[in-house]
Amino acid sequence: MKIILFVLLFVSAQIEVYAQQKQSKKSWGNRATLVEVIEAKKTKLYSLVPSYGRIISLEPYSIISKINEEVKKIYVLEGTNVLKGQKLIELENKNIKRLIARYEAEILYSKDNLKFLNEELAIVNDKLKRFLNLKENKVISNDLFDDLRIKKINLNKQVSKIEFDLKKLSYLLLSSKDDLNNTVIKSPINGNLIKLNVKLGSVLNKGVSIGLILDPQNNEIETSIRSDLASKLQPEFPVQIIVNDKILNSKIRAIIASENIKTGSRLLKIKIPKSLPMEFNFPNKRIQLRVPINDGKSRIIIPKDGLIADGIEKLVYIVEKNKVKRKKVIIGQSFKDQIEIKLGVNEGDLVVVKGNENIRPNQSVKIKKNKKWKTL
């Protein structure tokens, strides 16, 4: 009897445990697991490899004398770093100041003459009105009236001549004032004065170059890359410049078509970003780089955290209508913490990248707010 009672109690206990497990399993299956997802997008990715380049100067800025004058003072020496607007050379200006004074005096004289002529012309016009009535009444002869008309014409000619002279003098005055400003030669840009062909007392000739300034804005970086890799690249492909352990983003300006037969390489011309510190931006400075070696083709990529290994197969979880589906994928190139998906994921799919270790197919999930995922 005791044995039968024990068996009944054991069976009852097993049934209760089974019921609890079933209920627990049902409850777990209905619970939504919190996951993080990323939207699969096609992105241009480049494999960047370490390289070194050097800064070269494209073309120095030429300093030109705009007048013929004697060198009075020199304020800088060859090799000086100069700032835009900085005074470099001062030329003699006595002759130009005399010309300016002369033109100003001639303009005043001409304006006075013009004033007197206009007053005389006003008197002649009034006289012509009176003479016209007298002529019509035959009080004066036609000859006398015509003489007055001729006088008016001559006065108008003199007025026109003085007005023309005033314009000419104003242009000459303006030109002389420009020449006076040009007696002080200032640096047109920020840069390094690499050449200065002037001496105290020498006379500069208008239009002749008297110095050269290296313009940092005209610099660029030059590096070599294997020809087979260079053939895959295009202008505007990204390049990274490493300065003081910081990454500055730049781009390829050009790829030189000719090949160095000895090295089997071609030159890349790389733009210098404005963020490059001035102390690094000078000719022949060696610069650490990361240059692209692939074609930057658009690929669907996801973080490597989204991959699940099942033997030799690679799987991902895709969220559709708050449930997950497991998909087999074929992977391609690896880009640091990102991986190319060649097959199995479509653009726009929501791929689980966190929480995928605790889910199973067709399980309900709740999407956590996405974190920003930066690409290369």
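Residue numbers run from 1 in the order of the sequence given.
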### Task
Mark yes when over 12 heavy atoms from residues, nucleotides or ligands other than K66 sit less than 6.0 Å from its NZ; otherwise mark no.
no
### Query
Under a single-linkage definition using a 4.5 Å side-chain heavy-atom cutoff for Ile, Leu, Val, Met, Phe, Trp and Tyr, are I194 and V76 assigned to the same hydrophobic cluster?
no
### Message
Are K269 and I56 packed together at the side-chain level, in the sense that at least one heavy-atom pair is separated by less than 4.5 angstrom?
### Response
yes
#### Entry: Ion pair R149/D146, N-O distance below 4.0 Å
yes
### Message
Can you give me the closest heavy-atom contact between R326 and L315, atom names plus distance?
### Response
CD-CD1, 3.6 Å
### Query
Out of curiosity, Q338 CD to I302 CD1, how far, rounded to the nearest 0.5 Å?
10.0 Å
### Message
With heavy-atom distances below 4.5 Å as the criterion, would you say the side chains of P188 and I213 are in contact?
### Response
yes
## Note on the structure
Between V351 and A40, the two heavy atoms sitting closest are CG2-CB, 4.4 Å
### Query
Is there a donor-acceptor pair under 3.5 Å between the side chain of S176 and the backbone N or O of L172?
yes
### Query
Heavy-atom count around I261 CD1 within 6.0 Å, excluding the residue itself: above 12?
no
### Task
Indicate yes or no: does E236 engage K251 in a salt bridge with an N to O separation below 4.0 Å.
yes
### Atom CD of E59: over 12 foreign heavy atoms under 6.0 Å
no
### Message
Quick check for you: to the nearest 0.5 Å, what is the distance between N118 atom CG and I162 atom CD1?
### Response
8.5 Å
### Query
Under the side chain to side chain contact (heavy atoms under 4.5 Å, CB included) criterion, do K325 and Y317 qualify, and how do the steps go?
CA-CA 5 Å; K325 290 187 177 181; Y317 279 109; over 6 Å; no
## Note on the structure
Interatomic distance, CD1@I63 vs CG@L196, rounded to 0.5 Å, equals 6.5 Å
### Query
In terms of side-chain geometry, is the basic nitrogen of E220 or K271 positioned less than 4.0 Å from the acidic oxygen of its partner?
no
### Message
Checking K152 against N125: is there a side-chain donor and acceptor pair closer than 3.5 Å?
### Response
yes
### Message
Counting neighbours of NZ on K323 that are heavy atoms of other residues, nucleotides or ligands and sit closer than 6.0 Å, is the number greater than 12?
### Response
no
### Task
Look only at the side chain of R290 and the backbone of V49, and say whether a donor-acceptor pair between them is shorter than 3.5 Å.
no
#### Entry: Test item: T183 side-chain N/O and L180 main-chain N/O as donor-acceptor pair under 3.5 Å
yes
### Query
Given D179 and S175, is the side chain to side chain contact (heavy atoms under 4.5 Å, CB included) satisfied, shown in steps?
CA-CA 6 Å; D179 287 345; S175 177; 4.3 Å; yes
### Any I210 side-chain heavy atom under 4.5 Å of I185 side chain
yes
#### Entry: Heavy-atom side-chain contact between I67 and I96 under 4.5 Å
yes
### Query
With a 4.0 Å cut-off, would you call K41 and E347 a salt bridge?
no
### Query
Would you say K97 and K94 make side-chain contact, with heavy atoms under 4.5 Å?
no
### Salt bridge K151-D147, side-chain N to carboxylate O under 4.0 Å
no
#### Entry: Y75 atom OH, neighbour heavy-atom count above 12 within 6.0 Å
yes
### Task
Flag yes if I89 and I64 sit in one hydrophobic cluster, no otherwise; membership is Ile, Leu, Val, Met, Phe, Trp, Tyr, and two members link when side-chain heavy atoms are under 4.5 Å apart.
no
### Query
Side chain of Q86, backbone of L83: donor and acceptor closer than 3.5 Å?
yes
### Task
First locate atom CG of L214, then atom OG of S57, and finally report the distance between them rounded to the nearest 0.5 Å.
4.5 Å
### Query
Do you know which two heavy atoms are closest between L34 and I367, and how far apart they sit?
CD1-C, 4.4 Å
### Query
Within the distance-only criterion (no hydrogens, no angle test), does the side chain of N218 pair as donor or acceptor with the backbone N or O of D215 below 3.5 angstrom?
no
### Distance, nearest 0.5 Å, that separates CG of L88 from OG1 of T80
9.0 Å
### Task
Please report the C-alpha distance between D126 and R130 in whole Å, then the side-chain angles of each, then the deciding distance to 0.1 Å, and finally whether the salt bridge (Lys or Arg N to Asp or Glu O under 4.0 Å) criterion is met.
CA-CA 7 Å; D126 289 340; R130 294 197 305 272; 5.8 Å; no
### Query
Does OH in Y61 sit with more than 12 non-hydrogen atoms of other residues, nucleotides or ligands closer than 6.0 Å?
no
### Message
side chain to side chain contact (heavy atoms under 4.5 Å, CB included) for T223 and L267? Distances and angles first, verdict last.
### Response
CA-CA 6 Å; T223 189; L267 287 177; over 6 Å; no
### Message
How close do Y103 and L169 get, counting heavy atoms only, and between which atoms?
### Response
CD2-CD2, 3.9 Å
### Query
Can you list the steps and then say if Q363 with V324 is a side chain to side chain contact (heavy atoms under 4.5 Å, CB included)?
CA-CA 6 Å; Q363 183 179 335; V324 290; 4.2 Å; yes
### Message
Ignoring hydrogens, what is the shortest heavy-atom contact between V82 and S187? Give both atom names and the distance.
### Response
CG2-OG, 3.4 Å
#### Entry: Minimum side-chain heavy-atom gap V71-L204 below 4.5 Å
yes
### Query
Mind checking whether F282 and L77 sit in one hydrophobic cluster, side chains of I, L, V, M, F, W, Y counted as touching below 4.5 Å?
no
#### Entry: K328 atom NZ, over 12 foreign heavy atoms within 6.0 Å
no
### Query
Is there a donor-acceptor contact under 3.5 Å from the side chain of N192 to the main chain of G79?
yes
### Query
Heavy-atom distance under 4.5 Å between the side chains of E104 and L108, does that happen here?
no
### Task
Measure the spacing between NZ of K42 and CZ of R299 and express it to the nearest 0.5 Å.
11.0 Å
### Query
Looking at R54 and E222, does any basic side-chain N land under 4.0 Å from a carboxylate oxygen?
yes
### Message
Quick test of your reading of the model: are E106 and R102 salt-bridged, counting only N-O distances below 4.0 Å?
### Response
yes
### Message
So which atom in P292 and which in I252 form the shortest heavy-atom distance, rounded to 0.1 Å?
### Response
CG-CD1, 4.0 Å
### Query
Hey, are the side chains of V184 and K87 touching, using non-hydrogen atoms and a 4.5 Å cut-off?
yes
